[in-house]
Amino acid sequence: MLLFEDYRKRLTESLKSIYPDIKDNDVAPDKTGHADLALRAFSLLRKGDVKIEDVASRITVALSGEDYIDSITTSGGYVNFILNTGKLMEAISSEIYGTDRYPDVFQDPERVSVEHTSTNPTGPIHIGRIRNSIIGDSIFRILSRYGYRVTTQYFVNDSGRQVVSLYVGYRKFGQNDSLTTENLLKAYQRMHREVEADPSLEKEVDEAIRQYEAGKPEVMDDIRKICSVILGSINETLERLGIRIDDYTWESDLIRNGDVDKILESLEDELEDEGGAKYVSSGGRKMFLTRNDGTSLYFSRDIAYHQYKMDNFDWIIDILGENHKEHAGHIRYVIKDLLHRDGRLDFVFYSYVSLESGKMTTRGGNIVTADELLDRAIEESLKIVRTKRPELPESDLMRIALAVATSAVRFHIVKLNSNKQMVFKWAEALSLEGDSAPFIMYSYARAASILRKAGSTEIKTEGNFSHLESPLVKKMYEYAYVLHDAAFGLKPEAIANYLLELTRTFNDFYTNCPVLNADINDRSRRLAIVKNFKNIVKDAAYLVGINVLEEM
RNA sequence: GGGCCCGUGGCCUAGUAUGGAUAAGGCACCGUCCUUCUAAGUCGGUGAUCGUGGGUUCGAAUCCCACCGGGCCCGCCA
């Protein structure tokens with residue numbers, strides 16, 4: 001949980017002790033600028049047959065000892081509260097000076113599994129799939145920040161029809177080529193075309209699946225080798241984006257170690273048979289667990305995987321494409337209702353990314369890979385940083401361009417609500433101004449520059465905050481609430497959008513409030529604001545995959 | 001046919017879970033500001049019946065119903 005002086009809660013509790021009918025939702029921040037927090041007294045007024053002025057004066061008397069409130073006024077059916085900037089600043093500073101982060105957390109021992117990416121090892125990761133990794137990694141970072149012990153998980157589908165058909169394709173058409181992701185992709189796409197021309201080839205795939213599940217050594221070795229090559233290059237792409245996977249679980253291992261069989265045994269009473277194929281059903285829907293030749297299906301392997309996760313984690317989170325919604329529902333049904341596991345299980349869905357020319361398919365070959373996007377983003381950033389900072393040595397230019405590019409790519413994808421469809425456009429993806437990562441990074445660099453130039457001047461965290469400083473302090477204070485909502489709602493985009501607001505507020509401060517040239521009192525107080533701002537931006541930026549730079 | 005998601009200025013989005021005050025940004029376009037801490041920035045302007053129609057409510061972008069448009073799913077694929 002987050003540790004900070006929660007004035008919203010404090011005010012709400014106080015108001016509830018005066019008027020027990022007040023609900024938590026009746027006290028909320030105001031978006032229109034009338035107040036920092038407002039009590040919506042509409043129901044109170046109707047029920048109690050009192051005037052808003054009476055409500056306000058009763059509250060004013062009761063809260064007269066509370067120094068975190070500057071003013072209490074009324075407007076329509078609202079009681080408006082202006083909070084004391086100094087107290088908010090103190091709440092931020094005491095944590096930053098104590099633990100170097102606002103808000104601090106109390107370490108919660110719960111273990112969380114975040115499964116993301118888990119893309120079939122049949123080719124390079126494309127920009128549709130990378131949305132999964134980017135959302136997943138941000139959720140990993142946010143929950144870790146929140147205090148959970150989080151592990152990232154990748155479920156390697158090395159037993160499915162698609163991977164096995166890649167294997168068969170490689171044996172038939174790619175044997176003489178070196179074992180690289182490019183050659184494997186070519187073999188996979190060729191296999192796809194050949195099967196379309198001659199569906200009888202499917203029989204070879206069936207046979208290979210049987211051999212694989214039976215544990216035939218050379219098949220196993222070959223498939224492991226092929227998958228490892230592709231996984232290796234997927235991993236390189238993820239690394240470029242700063243994304244790390246902790247655990248890889250191979251589907252074939254769950255088959256060979258007997259976990260899948262155990263699932264079938266546990267479900268024995270529920271299993272039904274159709275020509276040798278086993279299934280469970282719910283509401284007239286059949287969910288098949290095995291084929292009629294006894295080989296397993298993705299569904300049963302995924303149940304085994306979730307059973308494993310239930311054994312090892314307190315909270316399971318899967319990041320899945322929207323086409324897996326029904327599958328996820330079935331997993332939940334079997335895990336919860338049939339296997340009676342009561343652990344916390346959440347799914348985060350995202351809609352697919354399409355190109356202006358239509359949807360992407362690895363087999364069809366019409367994809368933009370994440371590597372291509374990164375390469376072009378780096379090229380673009382390099383061009384810009386070269387014109388802005390011609391005096392810098394090449395190594396610095398490259399370092400800045402890399403940070404800008406990876407941050408921009410991640411931010412462009414993570415800032416969008418995950419269930420919104422996304423049509424990929426180069427111009428938007430490569431845009432480095434406006435609502436983008438560089439916009440945030442730039443403000444951070446400005447703050448860093450001020451602090452650098454300030455040298456060892458005293459920093460003073462209290463004082464009288466002017467109307468130019470207050471909005472920034474208040475916006476910084478909000479961070480704790482945003483972090484809570486993002487973690488609790490599994491919504492990294494909330495952090496992304498908050499960062500944009502925070503940065504805009506800082507830019508306003510920056511243009512209107514001289515820091516280094518201000519008189520000594522203003523200067524030391526403003527330096528404290530800048531220091532806190534820099535600290536919070538760095539903290540929040542990391543959560544959405546932005547690598548801030550001290551200079552750019 | 002059934003189920004789920006999306007629809008907010010010309011374009012891209014925030015706000016929707018938990019209804020609340022003049023709907024908040026970006027891109028593009030027009031104009032402004034570098035002898036003040038980094039102009040990847042700032043300020044101002046043009047531009048929105050929040051898909052449509054009903055309903056609930058003191059109050060609806062937000063909740064309910066219907067419809068329209070787009071996406072996804074309804075395999076012994078994954």
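Labels below follow one simple rule: chain letters A, B, ... track the order of the sequence lines, proteins then strands, and each chain is numbered from 1. Source: prediction; values computed, not measured. Every heavy atom of this structure was used, including side-chain atoms; hydrogens, water molecules and symmetry mates were not.
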Exercise. Does the aromatic ring of A/Phe42 sit over the six-membered base ring of B/rG59, closer than 5.5 Å centre to centre and tilted less than 30°?
Worked result: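 Taking the rule of under 5.5 Å and under 30°, the ring of A/Phe42 does not stack on B/rG59.
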For this session: Would you say whether A/His34 stacks on B/rA21? The test is a distance between ring centres of less than 5.5 Å and an angle between planes of less than 30°.
Result: yes
For this session: May I ask which nucleotide in the shown strands pairs with B/rC4, Watson-Crick or G-U wobble, both distances under 3.5 Å?
Result: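 When the pairing criteria are applied, B/rG71 turns out to be the nucleotide that pairs with B/rC4.
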For this session: Taking syn as within 90° of 0 and anti otherwise, name the glycosidic form of B/rC64.
Result: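 Glycosidic conformation of B/rC64: anti.
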Exercise. Is it true that A/Glu493 and A/Lys415 have a side-chain N and a carboxylate O under 4.0 angstrom from each other?
Worked result: no
Exercise. Using 4.0 Å as the upper bound for N to carboxylate O, is an ion pair formed by A/Arg291 and A/Asp206?
Worked result: no
Name the nucleic acid region contacted by [X], choosing base, sugar-phosphate or nothing; use a 4.0 angstrom heavy-atom cut-off, strictly under.
X	result
A/Arg46	base
A/Ala38	base
A/Asp293	nothing

For this session: Let me know the distance between OH of A/Tyr510 and P of B/rA39, rounded to the nearest Å.
Result: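 It works out to 5 Å between those atoms.
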For this session: Examine B/rU42: is either OP1 or OP2 under 4.0 Å from a nitrogen or oxygen in the side chain of A/Asn507? Give yes or no.
Result: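 It does, given that an N or O in the side chain of A/Asn507 lies less than 4.0 Å from OP1 or OP2 of B/rU42.
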Seminar exercise, completed: Only residue of A/Glu272, A/Glu270, A/Glu274 satisfying salt bridge (Lys or Arg N to Asp or Glu O under 4.0 Å) with A/Lys286 is A/Glu274
Exercise. Knowing that exactly one of A/Arg332, A/Lys309, A/Lys325 qualifies, which makes a salt bridge (Lys or Arg N to Asp or Glu O under 4.0 Å) with A/Asp318?
Worked result: A/Lys309
Problem set entry | Along RNA chain B (nearest heavy atom to each residue), the more 5'-positioned of A/Thr503 and A/Glu322 | A/Thr503
Exercise. Given that A/Ser43 and A/Glu550 both sit by RNA chain B, which one's nearest nucleotide is further toward the 5' end?
Worked result: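 Of the two residues, A/Ser43 wins.
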